[in-house]
There are 2 protein chains.
Amino acid sequence: MNTEADYLNQYDASRFPSPLVTVDSVLFTLHQQALCILVVERANHPQKGYWGLPGGFIDMARDDSTRATAMRKLTEKTGVSPSWLEQLDTFSGPDRDPRGWSLTVTWFALIAWADCEPHIASVSDARWVPIARLADYSLAFDHQKIITAALHRLRQKTMYSLLPVYCLPETFTHGQLQEATEVILGQSIQRKSLIRRFEASGMFEETGESMATGTRKARLWRRKPGVDIHLFSRNLLTD
Amino acid sequence: MNTEADYLNQYDASRFPSPLVTVDSVLFTLHQQALCILVVERANHPQKGYWGLPGGFIDMARDDSTRATAMRKLTEKTGVSPSWLEQLDTFSGPDRDPRGWSLTVTWFALIAWADCEPHIASVSDARWVPIARLADYSLAFDHQKIITAALHRLRQKTMYSLLPVYCLPETFTHGQLQEATEVILGQSIQRKSLIRRFEASGMFEETGESMATGTRKARLWRRKPGVDIHLFSRNLLTD
DNA sequence: CGAATAGTGTCTGTAAGACACTATGTT
DNA sequence: AACATAGTGTCTTACAGACACTATTCG
């Protein structure tokens with residue numbers, strides 16, 4: 001007799017060698033017209049003292065998916081949940097970690113700077129780094145490659161959606177969204193095109209309030225609750 | 001003294017519990033105007049007798065990435081390398097496999113039916129199933145969910161690239177590409193639009209040969225060697 | 001020649017790019 | 001009032017949709 005129940009009774013996972021599994025996230029924000037990434041100084045070996053992405057091991061007792069692991073680690077470092085969190089890619093191989101064959105499930109996240117600044121300012125090991133300054137940091141493992149992939153994803157999605165709103169505070173103006181989009185894409189865009197898309201997306205509602213960012217007051221908007229992101233069928237900046 | 005070398009000397013991966021890690025692929029092809037997926041009958045527990053995606057454990061001695069694992073498993077089942085292979089997503093959680101907390105890195109692949117039919121016909125455990133017939137099969141684990149994600153990816157990419165060419169033989173006609181695209185999208189498309197994109201992509205060259213699929217002979221084309229896939233800035237079928 | 005599929009010409013429709021214009025608030 | 005930023009009107013451009021047209025091959 002050899003039922004599945006018999007098999008499972010005798011099954012011992014520790015008999016099989018397994019890769020080292022981690023979860024890492026690339027969290028972006030915008031601050032002072034710069035696109036920034038959250039990096040953490042490594043307190044332990046391996047690569048102690050290097051800077052790395054926020055992440056770590058899965059806690060199988062608490063996490064019911066790698067999304068939960070990513071969320072838990074980001075919340076530990078920032079004090080809040082990211083506004084946007086999607087899976088990026090899985091990186092693996094025998095040489096990327098000195099402890100052996102390893103695999104990291106990576107996530108791509110966005111948050112408003114103001115939402116987490118108080119918490120980040122209070123912990124010394126996490127820091128926002130403008131992407132133009134990343135070269136000043138010694139990054140652990142293949143984290144530079146992961147960041148490059150995340151940046152590519154962010155720029156692609158910015159071309160066919162209004163993803164940058166997830167880098168903004170709960171209420172925001174057209175001007176702030178335009179600035180966010182321009183910082184991410186690294187070039188100026190047509191305000192008219194952005195506003196046309198903003199309206200067509202059906203994702204937003206006016207708060208009724210307005211705010212003076214420049215000289216004239218600008219209307220404030222928020223994301224409609226429960227409304228999903230809208231994907232456009234054409235890209236911005238199609239050159 | 002506590003150097004990284006000391007740390008690595010004392011490091012014992014087996015002390016830490018680790019999720020069960022697998023790699024699974026969704027391989028699509030086109031046959032007789034139907035979009036098909038390769039499924040394999042499970043010879044061992046768990047879920048023995050159910051059908052599942054081609055995949056399995058990482059062989060850390062031989063595979064230098066999960067891509068290599070996916071490629072190795074697909075080659076075992078089909079006899080050839082897929083024409084297209086990209087990472088899809090990672091699925092994880094405590095309940096998806098009865099052996100415990102598990103994680104599968106999934107890949108999305110395309111191949112021409114004729115390239116692997118001789119090999120598949122010779123092995124009894126692998127089978128092409130038209131997606132409309134998947135309901136007739138008892139699928140293992142969360143493989144239905146993985147297939148749904150792969151199908152979504154295939155359809156999306158078909159809207160903004162000529163990805164379906166990777167389901168065709170090395171040389172093919174405009175008509176075959178149109179048929180492939182229509183089968184994948186489940187609706188007819190404008191031949192003129194397809195040919196405009198085909199030319200604009202710069203991905204193809206004429207073989208000089210032609211072929212009678214219908215009454216009149218059609219020109220044969222192939223992918224230019226070393227040329228990457230072209231992504232269009234607008235979608236087809238934007239309704 | 002007619003039938004069927006291969007392939008082209010060209011008009012329409014839609015949404016982005018460009019940019020001038022008007023509106024509103026601050027000094 | 002001057003000015004700077006908010007927001008609109010509208011022309012142009014690029015490319016997909018529609019569909020009629022011509023071309024080729026076979027019976």
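Chain identifiers are assigned alphabetically (A, B, ...) following the order of the sequence lines, protein sequences preceding nucleic acid strands; residue numbering begins at 1 within each chain. All values derive from a computational prediction rather than experimental measurement.
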Using the six-membered ring wherever Trp is involved, compare the ring planes of B/W221 and B/F198 and label them parallel, tilted or perpendicular (cut-offs 30° and 60°).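 The rings of B/W221 and B/F198 stand perpendicular, inter-plane angle above 60°.
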Between [atom2] of [N] and [atom1] of [X], the distance in whole Å:
X      : N      : atom1 : atom2 : result
A/L220 : D/dA6  : CG    : P     : 11 Å
B/K217 : D/dG27 : NZ    : C1'   : 16 Å
B/M211 : D/dC26 : CE    : P     : 14 Å
A/R216 : D/dT8  : CZ    : C1'   : 10 Å

At 4.0 Å (heavy atoms only), tell me whether [X] reaches a base, stays on the sugar-phosphate, or touches nothing.
X      : answer
A/R196 : base
A/R191 : base
A/R219 : sugar-phosphate

Heavy-atom donor-acceptor pair, [X] side-chain to [N] base, under 3.5 Å:
X      : N      : result
B/K192 : D/dG17 : no
A/S193 : C/dA16 : no
B/R234 : D/dA16 : no

Would you please indicate if the ring centroids of A/F141 and A/Y50 are separated by under 6.0 Å?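 Ring centroids of A/F141 and A/Y50 are no less than 6.0 Å from each other.
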Looking at B/I120, is its backbone amide N or carbonyl O close enough to the side chain of B/K77 to form a donor-acceptor pair, meaning the two atoms are under 3.5 Å apart?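 Pair absent, no side-chain N/O of B/K77 close to backbone of B/I120.
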